[in-house]
Trainee: 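One structure is given below, represented as structure tokens, and several questions about it will come after.
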Amino acid sequence: MVDYVVYGSGCFDQLGEILAPRRKGDAPMIFFVDEYFQDKQAFLSRIPLQGKDKIVVIDVTYEPKTVTVDKIRDELKAEFGEVSGIIGIGGGSVMDMAKAVALMMTNPGSSADYQGWDLVKNPAVYKVGIPTISGTGAEVSRTCVLTGPTRKLGMNSDYTPFDQIVLDPALTKTVEVNQRFYTAMDCFIHCVESLTGTYLNAFSKSYGEKAQELCEEIFLEKDVWDDDSDEKLMMASYAGGMSIAYSQVGVAHAVSYGLAYLLGTKHGIGNCIVFDKLEEFYPDGVKKFKEMVKKHNIDIPQGITKGLTDEQFETMINVSLGMAPLWENALGKDWKEIMTRERLRKLYERL
């Protein structure tokens with residue numbers, strides 16, 4: 001679990017005070033900032049730079065790749081030797097990049113070597129997560145999802161979670177409506193998958209139920225988006241992330257990993273594309289999801305796998321079936337007999 005949490009509108013301005021005791025001599029703090037903010041000087045001026053501190057703008061055109069993680073790690077080591085910490089300010093991709101680079105500052109080899117469960121051996125440098133969009137749960141998860149040479153898979157370990165998170169709902173006010181929905185649905189889908197999974201326990205159930213309740217209040221009951229919506233969605237993201245930290249996600253995530261690896265489909269919208277077709281697995285959740293889509297007039301892309309070759313379908317199937325814990329949570333220990341390659345191929349064809 002994340003050791004320290006600061007929450008509240010405007011709390012971003014406490015960042016300098018939060019970082020001060022974690023500085024090591026003249027070793028800099030490195031701020032990974034979402035490219036959305038690269039020309040937002042009013043925001044950038046609020047980052048508490050000192051000494052050799054540096055802002056690194058993170059390109060979020062594609063989700064984090066192992067080659068990019070390794071490149072940034074090598075550049076930081078060459079320029080500074082060591083750093084006091086890495087602060088990720090942005091969406092899930094930026095926070096995952098911050099976690100991954102922080103881990104690779106202290107672990108040898110390539111980040112691709114650590115794609116899997118509990119492969120990381122050394123604690124990371126100090127790291128802070130500051131979400132500027134709500135829903136991914138990246139601020140509290142024990143993974144940082146990366147696309148590597150052969151697969152899309154996270155660095156799942158006890159060393160991956162942030163040491164500190166700063167949850168400031170005011171930072172999410174400028175998120176575009178469709179993007180806000182896609183990312184919020186990542187949270188909603190987390191909860192549906194966690195609450196119906198075989199890994200469910202009292203801890204994950206408590207957080208998952210609250211997060212799903214908040215999502216439904218925001219997207220089904222409320223008619224106007226306001227400050228209260230931003231605050232509740234940020235807390236839903238946190239609680240949803242906590243829920244899957246102690247259980248697991250399921251079919252939608254397992255299938256969307258294949259889309260992301262082959263087509264570069266971003267995580268939030270990819271989950272929406274898949275979940276839209278999963279009535280047989282999550283009937284109640286999909287029904288509510290469709291009601292939210294209709295109420296908010298959101299476009300869910302269709303036909304994105306049309307025209308793909310057999311080889312491309314096989315690539316997606318291989319990536320998806322490599323997510324064994326997700327499938328086991330969704331379908332039980334006999335999941336391989338239930339989700340055959342043929343059945344998964346037909347599901348991908350429907351997307």
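Fair warning: this is a prediction, and the values are worked out from it, not measured in the lab.
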Trainee: Would you call Glu209 and Lys205 a salt bridge, taking side-chain N to carboxylate O under 4.0 Å as the test?
Mentor: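 Counted as a salt bridge, because a side-chain N and a carboxylate O are separated by less than 4.0 Å.
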
Trainee: Any chain of hydrophobic side-chain contacts (each under 4.5 Å) joining Val33 to Phe12?
Mentor: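 Val33 clusters together with Phe12.
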
Trainee: Verify side-chain contact (heavy atoms from CB on, under 4.5 Å) between Phe275 and Val286, making sure each step is shown before the conclusion.
Mentor: CA-CA 7 Å; Phe275 197 67; Val286 173; 3.9 Å; yes

Trainee: Look up atom CD in Glu193 and atom CG in Leu278, then write down how far apart they are to the nearest 0.5 Å.
Mentor: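 Going from CD on Glu193 over to CG on Leu278, the span is 8.0 Å.
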
Trainee: Would Phe32 end up clustered with Met105 when hydrophobic side chains under 4.5 Å apart are linked, directly or stepwise?
Mentor: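 Yes, one cluster joins them.
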
Trainee: Could you tell me whether the side chain of Met185 reaches within less than 4.5 Å of the side chain of Met292, counting heavy atoms only?
Mentor: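 Sidechains of Met185 and Met292: in contact.
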
Trainee: Has the side chain of Thr160 got a donor or acceptor atom that lies under 3.5 Å from a matching backbone atom of Asn156?
Mentor: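 Between the backbone of Asn156 and the side chain of Thr160 there is no qualifying donor-acceptor contact (under 3.5 Å).
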
Trainee: Given Lys152 and Met323, is the side-chain contact (heavy atoms from CB on, under 4.5 Å) satisfied, shown in steps?
Mentor: CA-CA 9 Å; Lys152 179 181 175 181; Met323 309 303 294; over 6 Å; no

Trainee: So how far is it from Leu195 CG to Ser247 OG, rounded to the nearest 0.5 Å?
Mentor: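 If we round to the nearest 0.5 Å, Leu195:CG and Ser247:OG are 7.5 Å apart.
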
Trainee: Check whether any side-chain heavy atom of Phe37 sits under 4.5 Å from a side-chain heavy atom of Leu171, and report yes or no.
Mentor: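 Not in contact.
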
Trainee: Are Ile165 and Tyr7 packed together at the side-chain level, in the sense that at least one heavy-atom pair is separated by less than 4.5 angstrom?
Mentor: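 Result no, sub-4.5 Å side-chain heavy-atom pair not found.
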
Trainee: Using a 3.5 Å distance criterion without hydrogens, assess whether the side chain of Arg343 forms a donor-acceptor pair with backbone atoms of Ile338.
Mentor: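 Judged by distance alone, yes, a pair lies under 3.5 Å.
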
Trainee: List the steps and the verdict of side-chain contact (heavy atoms from CB on, under 4.5 Å) for Leu146 and Tyr114.
Mentor: CA-CA 10 Å; Leu146 304 174; Tyr114 302 97; over 6 Å; no

Trainee: Does the distance from a Lys or Arg side-chain N to an Asp or Glu carboxylate O, for Arg142 and Asp118, drop under 4.0 Å?
Mentor: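 Here Arg142 pairs with Asp118 in a salt bridge, since their nearest N and O are under 4.0 Å apart.
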
Trainee: Taking atom NZ of Lys71 as the centre, does the number of heavy atoms from other residues, nucleotides or ligands within less than 6.0 Å exceed 12?
Mentor: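 No, the 6.0 Å shell around NZ holds no more than 12 heavy atoms from other groups.
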
Trainee: Hey, do the aromatic rings of Tyr261 and Tyr257 have their centres closer than 6.0 Å?
Mentor: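 Not close enough - the centres of the two rings lie 6.0 Å or further apart.
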
Trainee: When the ring planes of Phe181 and Phe289 are compared, do they come out parallel, tilted or perpendicular, using 30° and 60° as the limits?
Mentor: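 Rings of Phe181 and Phe289: tilted, 30 to 60°.
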
Trainee: OG1 of Thr198 to CD of Gln248: how many Å apart, nearest 0.5 Å?
Mentor: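 Output value for this atom pair is 9.5 Å.
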
Trainee: Honestly curious: do Val251 and Ile273 fall in one hydrophobic cluster under the side-chain, below-4.5 Å linking rule?
Mentor: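 Yes.
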
Trainee: Is the shortest distance from a Lys or Arg side-chain nitrogen in Lys288 or Glu291 to a carboxylate oxygen in the other one below 4.0 Å?
Mentor: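 A salt bridge is absent here (no side-chain N lies under 4.0 Å from a carboxylate O).
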
Trainee: More than 12 heavy atoms of other residues, nucleotides or ligands under 6.0 Å from CG of Asn297: yes or no?
Mentor: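 Counting other residues, nucleotides and ligands, CG of Asn297 stays at 12 neighbours or fewer.
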
Trainee: Does Phe203, at its CZ atom, have more than 12 non-hydrogen atoms belonging to other residues, nucleotides or ligands within less than 6.0 Å?
Mentor: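 Buried by this count: over 12 neighbours within 6.0 Å.
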
Trainee: Looking at Asp310 and Arg345, is there a salt bridge between them, counting it only when a charged N and a carboxylate O are closer than 4.0 Å?
Mentor: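 Salt bridge present between Arg345 and Asp310.
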
Trainee: Is Ser320 reaching over with its side chain to a backbone N or O of Ala254, donor-acceptor style, under 3.5 angstrom?
Mentor: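 Such a contact is found between Ser320 side chain and Ala254 backbone.
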
Trainee: Can we say Lys222 and Asp228 salt-bridge, meaning some charged N sits less than 4.0 Å from an Asp/Glu carboxylate O?
Mentor: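 Here Lys222 pairs with Asp228 in a salt bridge, since their nearest N and O are under 4.0 Å apart.
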
Trainee: Treating Ile, Leu, Val, Met, Phe, Trp and Tyr as nodes and any side-chain heavy-atom pair under 4.5 angstrom as an edge, say whether Leu44 and Ile58 lie in one connected cluster.
Mentor: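 Different clusters: Leu44 never reaches Ile58 through Ile, Leu, Val, Met, Phe, Trp or Tyr contacts under 4.5 Å.
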
Trainee: Look at the side chain of Ser111 and the backbone N and O of Thr66, then say whether any donor-acceptor pair between them is shorter than 3.5 Å.
Mentor: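 Flag set: sc Ser111 to bb Thr66 pair under 3.5 Å.
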
Trainee: For the pair Lys65 and Asp59, evaluate salt bridge (charged side-chain N to carboxylate O under 4.0 Å, His left out) and give the outcome as yes or no after the intermediate values.
Mentor: CA-CA 11 Å; Lys65 299 181 184 296; Asp59 181 352; over 6 Å; no

Trainee: Decide whether Ser243 and Ser194 meet the rule of one side-chain donor and one side-chain acceptor closer than 3.5 Å.
Mentor: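 The answer is yes; a qualifying pair exists.
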
Trainee: Is Lys290 atom NZ crowded by more than 12 heavy atoms from other residues, nucleotides or ligands, each under 6.0 Å away?
Mentor: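 Atom NZ in Lys290 is crowded, with more than 12 foreign heavy atoms closer than 6.0 Å.
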
Trainee: Can you check whether Met316 reaches Leu344 side chain to side chain, under 4.5 Å on heavy atoms?
Mentor: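 The answer is no, as the side chains (C-beta and beyond) never meet within the 4.5 Å cut-off.
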
Trainee: If you apply the rule salt bridge (charged side-chain N to carboxylate O under 4.0 Å, His left out), what do you find for Lys210 with Glu213, and how did you get there?
Mentor: CA-CA 5 Å; Lys210 187 59 182 179; Glu213 174 189 315; 3.1 Å; yes

Trainee: I'd like to know if the side chain of Thr106 reaches the main chain of Leu103, judged simply by a donor and an acceptor atom lying under 3.5 Å from each other, with no hydrogens or angles considered.
Mentor: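 Here the side-chain-to-backbone pair exists.
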
Trainee: Kindly determine whether Leu19 and Phe31 satisfy side-chain contact (heavy atoms from CB on, under 4.5 Å), including the steps that lead there.
Mentor: CA-CA 11 Å; Leu19 298 179; Phe31 298 86; 3.7 Å; yes

Trainee: Just so I know, are the side chains of Leu331 and Phe281 near enough to count as touching, which here means a heavy-atom distance under 4.5 Å?
Mentor: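 Side-chain contact under 4.5 Å: yes.
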
Trainee: According to side chain to side chain contact (heavy atoms under 4.5 Å, CB included), who are the partners of Ser110, at least two apart in sequence or on a separate chain?
Mentor: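 Only Asp70, Ala112, Asp113 meet the side chain to side chain contact (heavy atoms under 4.5 Å, CB included) criterion with Ser110.
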
Trainee: Is a donor on one side and an acceptor on the other found under 3.5 Å between the side chain of Asn329 and the backbone of Tyr199?
Mentor: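 Present.
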
Trainee: Looking at Asn318 and Glu314, would you say the former's side chain and the latter's main chain have a donor-acceptor pair under 3.5 Å?
Mentor: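 Confirmed, Asn318 side chain pairs with Glu314 backbone.
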
Trainee: Relative to each other, are the rings of Tyr207 and Tyr238 parallel, tilted or perpendicular (30° and 60° limits)?
Mentor: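 If you compare the ring of Tyr207 with that of Tyr238, the planes turn out perpendicular.
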
Trainee: Taking atom CG of Asp230 and atom CD1 of Ile133, what is their separation to the nearest 0.5 Å?
Mentor: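 Taking CG in Asp230 and CD1 in Ile133, the distance rounds to 11.0 Å.
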
Trainee: Backbone N or O of Pro169 within a donor-acceptor pair of the Thr172 side chain at under 3.5 Å?
Mentor: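 Such a contact is found between Thr172 side chain and Pro169 backbone.
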
Trainee: Kindly indicate whether the side chain of Trp117, heavy atoms from C-beta on, has any atom under 4.5 Å from the side chain of Leu153.
Mentor: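 In short, these two side chains touch, coming nearer than 4.5 Å.
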
Trainee: Kindly give the heavy-atom pair with the smallest separation between Ile89 and Phe43, and that separation in Å.
Mentor: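 So the two residues come closest at CG2-CZ, 3.7 Å.
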
Trainee: Regarding Thr132 and Tyr36, do their side chains bring together a donor and an acceptor under 3.5 Å, going by distance alone?
Mentor: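 Distance-only check fails for Thr132 and Tyr36.
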
Trainee: Under 3.5 Å, is there a donor on one side chain and an acceptor on the other for Glu139 and Ser237?
Mentor: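 Their side chains do contain a donor-acceptor pair, which is all the 3.5 Å distance test asks for.
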
Trainee: For Lys266, is there an ion pair with Glu63 - N to carboxylate O distance below 4.0 angstrom?
Mentor: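 Salt bridge between Glu63 and Lys266, a charged N being under 4.0 Å from a carboxylate O: no.
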
Trainee: Using modelled atom types only, decide if a donor and an acceptor are shared between the side chain of Lys333 and the backbone of Glu328 within a distance under 3.5 Å.
Mentor: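 Answer holds: no.
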
Trainee: Heavy atoms, side chains only, cut-off 4.5 Å: are Asp13 and Arg46 in contact?
Mentor: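 Heavy-atom side-chain distance check passes, below 4.5 Å.
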
Trainee: Are the side chains of Lys277 and Gln302 in contact, using a 4.5 Å heavy-atom criterion?
Mentor: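 Yes, close enough: below the 4.5 Å cut-off.
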
Trainee: Under a single-linkage definition using a 4.5 Å side-chain heavy-atom cutoff for Ile, Leu, Val, Met, Phe, Trp and Tyr, are Tyr126 and Leu49 assigned to the same hydrophobic cluster?
Mentor: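 The answer is yes; both residues are in one hydrophobic cluster.
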
Trainee: Taking Gln50 for its side chain and Pro48 for its backbone only, find out whether a donor-acceptor pair lies under 3.5 Å.
Mentor: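 Such a contact is absent between Gln50 side chain and Pro48 backbone.
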
Trainee: Looking at Glu17, I'd like to know if its CD atom is crowded, meaning that more than 12 non-hydrogen atoms belonging to other residues, nucleotides or ligands lie closer than 6.0 Å.
Mentor: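 Not buried by this count: 12 neighbours or fewer within 6.0 Å.
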
Trainee: CG of Asp186 to CG of Asn271: how many Å apart, nearest 0.5 Å?
Mentor: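 Taking CG in Asp186 and CG in Asn271, the distance rounds to 5.0 Å.
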
Trainee: Rounded to the nearest 0.5 Å, how far apart are CZ of Phe188 and SG of Cys272?
Mentor: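 Phe188 atom CZ to Cys272 atom SG measures 10.5 Å (nearest 0.5 Å).
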
Trainee: Would Lys54 and Glu75 pass as an ion pair if we require N to O under 4.0 Å?
Mentor: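 A salt bridge is absent here (no side-chain N lies under 4.0 Å from a carboxylate O).
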
Trainee: Check Asp96 with Lys99, please: is the shortest side-chain N to carboxylate O separation under 4.0 Å?
Mentor: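 Salt bridge: yes.
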
Trainee: Quick check: are there more than 12 heavy atoms from other residues, nucleotides or ligands sitting under 6.0 Å from CD of Glu311?
Mentor: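 No - once you tally the heavy atoms of other residues, nucleotides and ligands closer than 6.0 Å, there are 12 at most.
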
